J.: 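Below is one structure. I have some questions about it.
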Amino acid sequence: MTSKKKPTVYITRKLPDVVETRMRELFDAELNIDDTPRSQPELVAAVKRADVLVPTVTDRIDAALIEQAGPQLKLIAAFSNGVDNIDVDAAARKGITVTNTPNVLTEDTADMTMALILAVPRRLAEGAQVLTDRKGEWAGWSPTWMLGRRIAGKRIGIVGMGRIGTAVARRAKAFGLSIHYHNRHRVKPETEEMLEATYWDSLDQMLARVDIVSVNCPSTPATYHLLSARRLALMRPDSYIVNTARGGIIDEAALIKSLREGKIAGAGLDVFENEPSVNPKLIKLAGEGKVVLLPHMSSATLEGRIDMGEKVVINIRTFFDGHRPPDSRAIAYER
């Protein structure tokens, strides 16, 4: 690429130093050193002059923004596993290729999912809050104090048995959980056999029969509020739900109501319906020990972020070498 004009690459957020250094070596890269989220006017100015836009999940790349892009913008190389924040169809109509960074966050997200599966029934967040610097806060061990629920021998129902769902299932099986799953398509027989997994073509029936529900499906129009008030009502009062996918998959208001009324025992959430805003009622429930809340950090490992950056670099280089990028998205994202 040394003999060619370097493409102008506009990066909306701060990336790991090693990724930014590589970007500067290969491209005319404009960095966001202070990591301040870009405003919509700033994004409009960027798409009018940049050859490549590198957005993250916090950026709204809708049809209105894409329509204002200059003719030089030919690639949106998303630094994200999904593209639900990008209007892929509008980009296609404008002749803009969209890429993402799949297959690099599976293990990290599955690790955090398993952490929440453990944290909620075993009351880890509550226990950690007891040990403060206030003298006398903890009176010592007691046989009936801070009792949680055992997870070994329980049933987990995985909603979305893609790469991440399968990785969660592997971990859950190692902890002695019985694997149940609902997916648009049944997984391969050898996968079912390895995991000793039970397939449910009816999500409603599975929800009524499992002890822990893990949400691992992609965010699409079809999965918005997939876990609706009606479906949450099917869950047992001693069951738990964990979500590390996208907040909008669960009807958050209905979940809060179910938790408040004791119709669900607890929840572990890493994602929220109106991020970065978190419903104050959820924060209150967390203070009462009914939920464990994390700030969208299931994929937050240095290794994962560097791997994502490497994929962005490969997608950009491949595109400007005249080839189809390996992670181009012709249709809506599906994990």
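Given the structure is predicted, the values throughout are model-derived calculations rather than measurements.
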J.: Report yes if the side chains of N279 and N274 come closer than 4.5 Å at any heavy-atom pair, otherwise no.
T.: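 A side-chain contact is absent here, since even the closest heavy-atom pair is not under 4.5 Å.
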J.: Tell me whether N32 contacts the main-chain N or O of K14 through its side chain, where contact means a donor paired with an acceptor under 3.5 Å.
T.: no
J.: Would you confirm whether S178, through its side chain, and K154, through its main-chain N or O, come within 3.5 Å as a donor-acceptor pair?
T.: no
J.: What do the steps show when you test F27 against V52 for side-chain contact (heavy atoms from CB on, under 4.5 Å), and what is the final call?
T.: CA-CA 10 Å; F27 316 124; V52 182; over 6 Å; no
J.: Nearest heavy-atom pair of I306 and P16: which atoms, and what distance?
T.: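 Minimum heavy-atom separation between I306 and P16: CG1-CB, 4.2 Å.
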J.: Mark yes or no for whether Q68, through its side chain, and A64, through its backbone, hold a donor-acceptor pair below 3.5 Å.
T.: yes
J.: Tell me whether I61 is reachable from V98 by hopping between hydrophobic residues (I, L, V, M, F, W, Y) whose side-chain heavy atoms are closer than 4.5 Å.
T.: yes
J.: Going only through I, L, V, M, F, W and Y residues with side-chain contacts under 4.5 Å, is there a path from L116 to Y240?
T.: yes
J.: Would you check, one step at a time, whether the test side-chain contact (heavy atoms from CB on, under 4.5 Å) holds for S299 with N81?
T.: CA-CA 10 Å; S299 63; N81 197 39; over 6 Å; no
J.: Mark yes when over 12 heavy atoms from residues, nucleotides or ligands other than R13 sit less than 6.0 Å from its CZ; otherwise mark no.
T.: yes
J.: Any non-hydrogen side-chain atom of I156 less than 4.5 Å from a side-chain atom of I179?
T.: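 Yes, close enough: below the 4.5 Å cut-off.
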J.: Does CD belonging to E67 count more than 12 external heavy atoms closer than 6.0 Å?
T.: no
J.: Please determine if R186 and E192 form a salt bridge, counting it only when a charged side-chain N lies under 4.0 Å from a carboxylate O.
T.: yes
J.: Under 6.0 Å from the CZ atom of R155, do we count more than 12 heavy atoms belonging to anything else shown?
T.: no
J.: Out of curiosity, R93 CZ to I66 CD1, how far, rounded to the nearest 0.5 Å?
T.: 8.5 Å
J.: Would S328 and T97 satisfy side chain to side chain donor-acceptor pair (under 3.5 Å), going step by step from the backbone distance to the final call?
T.: CA-CA 7 Å; S328 61; T97 299; over 6 Å; no
J.: Does any non-hydrogen side-chain atom of W200 lie less than 4.5 Å from one of L207?
T.: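 No, every pair of side-chain atoms sits at 4.5 Å or beyond.
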J.: Would you indicate whether the side-chain heavy atoms of V213 and S239 approach each other to under 4.5 Å?
T.: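 Side-chain contact under 4.5 Å: no.
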J.: Exactly one of R236, R150, R149 should register a salt bridge (charged side-chain N to carboxylate O under 4.0 Å, His left out) with D211. Which one does?
T.: R236
J.: Within the side chain of T301, is there an N or O that forms a donor-acceptor pair under 3.5 Å with the backbone of G304?
T.: yes
J.: May I ask you to decide whether E288 forms a salt bridge with K290, counting only side-chain N to carboxylate O separations under 4.0 Å?
T.: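 Judged by the 4.0 Å cut-off on N to carboxylate O distance, E288 and K290 do not form a salt bridge.
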J.: If every non-hydrogen atom of A69 is compared with every non-hydrogen atom of I96, which pair is closest and at what distance?
T.: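 Minimum heavy-atom separation between A69 and I96: CB-CD1, 4.3 Å.
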J.: Enter the distance from K94:NZ to K74:NZ here, rounded to the nearest 0.5 Å.
T.: 9.0 Å
J.: Please check: side-chain N/O of Y181 versus main-chain N/O of V187, any donor-acceptor pairing under 3.5 Å?
T.: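 Between the backbone of V187 and the side chain of Y181 there is a qualifying donor-acceptor contact (under 3.5 Å).
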J.: Please confirm whether the backbone N or O of L147 pairs with a side-chain atom of R123, one donor and one acceptor, at under 3.5 Å?
T.: yes
J.: Using a strict 4.0 Å threshold on nitrogen-to-oxygen distance, state whether R231 and D204 make a salt bridge.
T.: yes
J.: Quick check: closest heavy atoms across R317 and L26, and the distance to 0.1 Å?
T.: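 Looks like CD-CD1, 3.6 Å.
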J.: Tell me whether R230 at atom CZ has more than 12 heavy atoms from other residues, nucleotides or ligands lying less than 6.0 Å away.
T.: yes
J.: More than 12 foreign heavy atoms under 6.0 Å from NZ of K281: is that the case here?
T.: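 No, NZ of K281 has 12 or fewer neighbouring heavy atoms, counting only those of other groups under 6.0 Å.
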J.: Considering residues, nucleotides and ligands other than E193, do more than 12 of their heavy atoms fall under 6.0 Å from its CD?
T.: no
J.: Scan V54, D321, D51 and name whichever one has a side chain to side chain contact (heavy atoms under 4.5 Å, CB included) with I316.
T.: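 Only match with I316 under side chain to side chain contact (heavy atoms under 4.5 Å, CB included): V54.
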J.: Do the side chains of L269 and L255 get nearer than 4.5 Å, heavy atoms only?
T.: yes
J.: Does K263, at its NZ atom, have more than 12 non-hydrogen atoms belonging to other residues, nucleotides or ligands within less than 6.0 Å?
T.: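 Counting neighbours around NZ of K263, 12 or fewer heavy atoms of other residues, nucleotides or ligands fall under 6.0 Å, so no.
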J.: Any donor and acceptor pair, going by atom type alone, linking the side chain of N315 with main-chain N or O of D327 inside 3.5 Å?
T.: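 Here the side-chain-to-backbone pair exists.
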J.: Rounded at 0.5 Å granularity, tell me how far OG1 in T101 sits from CD1 in I314.
T.: 11.0 Å
J.: Would a single hydrophobic cluster contain both L302 and V57, if residues Ile, Leu, Val, Met, Phe, Trp and Tyr are joined by side-chain heavy-atom contacts under 4.5 Å?
T.: no
J.: Using a 3.5 Å distance criterion without hydrogens, assess whether the side chain of D270 forms a donor-acceptor pair with backbone atoms of H296.
T.: yes
J.: Hey, could you give me the OH/CG distance between Y224 and D251, rounded to the nearest 0.5 Å?
T.: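 One finds 7.0 Å between OH of Y224 and CG of D251.
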J.: So L31 and R24, side-chain contact (heavy atoms from CB on, under 4.5 Å) or not? Walk me through it.
T.: CA-CA 9 Å; L31 308 180; R24 293 284 290 176; 4.1 Å; yes
J.: Using only atom types and a distance under 3.5 Å, with no angle test, would you say the side chain of N85 pairs donor to acceptor with the backbone of T58?
T.: no
J.: Quick check: do T166 and R170 have side-chain heavy atoms less than 4.5 Å from each other?
T.: yes
J.: Might you confirm whether atom CZ of R49 has over 12 heavy atoms from other residues, nucleotides or ligands at distances under 6.0 Å?
T.: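 Atom CZ in R49 is crowded, with more than 12 foreign heavy atoms closer than 6.0 Å.
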J.: Quick one: do the T244 and T109 side chains pair a donor with an acceptor below 3.5 Å?
T.: no
J.: Taking atom CD1 of I264 and atom CG of L234, what is their separation to the nearest 0.5 Å?
T.: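 It comes to 10.0 Å.
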J.: Starting from V18, can I reach L105 by hopping between I/L/V/M/F/W/Y residues whose side chains sit under 4.5 Å apart?
T.: yes
J.: Take L203 and L226, measure what side-chain contact (heavy atoms from CB on, under 4.5 Å) needs, and give me the verdict at the end.
T.: CA-CA 10 Å; L203 176 58; L226 179 68; 3.9 Å; yes
J.: Show the nearest heavy-atom pair for residues A110 and A167, with the distance to one decimal.
T.: CB-CB, 3.6 Å
J.: Within the distance-only criterion (no hydrogens, no angle test), does the side chain of R246 pair as donor or acceptor with the backbone N or O of V271 below 3.5 angstrom?
T.: no
J.: Is it true that D28 and K5 make a salt bridge, defined as a side-chain N closer than 4.0 Å to a carboxylate O?
T.: no
J.: With a 4.5 Å limit on heavy-atom distance, are the side chains of L65 and R60 in contact?
T.: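 They are not in contact (no side-chain heavy atoms under 4.5 Å apart), so the answer is no.
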J.: Quick one: CG on D111 to CD1 on I164, what's the gap to the nearest 0.5 Å?
T.: 11.0 Å
J.: Hey, quick one: are I256 and V292 part of the same hydrophobic cluster, counting side-chain heavy atoms closer than 4.5 Å, chains of contacts allowed?
T.: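 In one cluster: no.
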J.: Report yes if the side chains of V159 and I249 come closer than 4.5 Å at any heavy-atom pair, otherwise no.
T.: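 No; the side chains remain at least 4.5 Å from each other.
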J.: Can you give me the closest heavy-atom contact between Y199 and R184, atom names plus distance?
T.: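 Nearest pair, atom of Y199 first, then R184: OH-O, 4.3 Å.
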J.: Looking only at heavy atoms, which two atoms of G262 and P237 are closest? And how far apart?
T.: O-CB, 3.7 Å
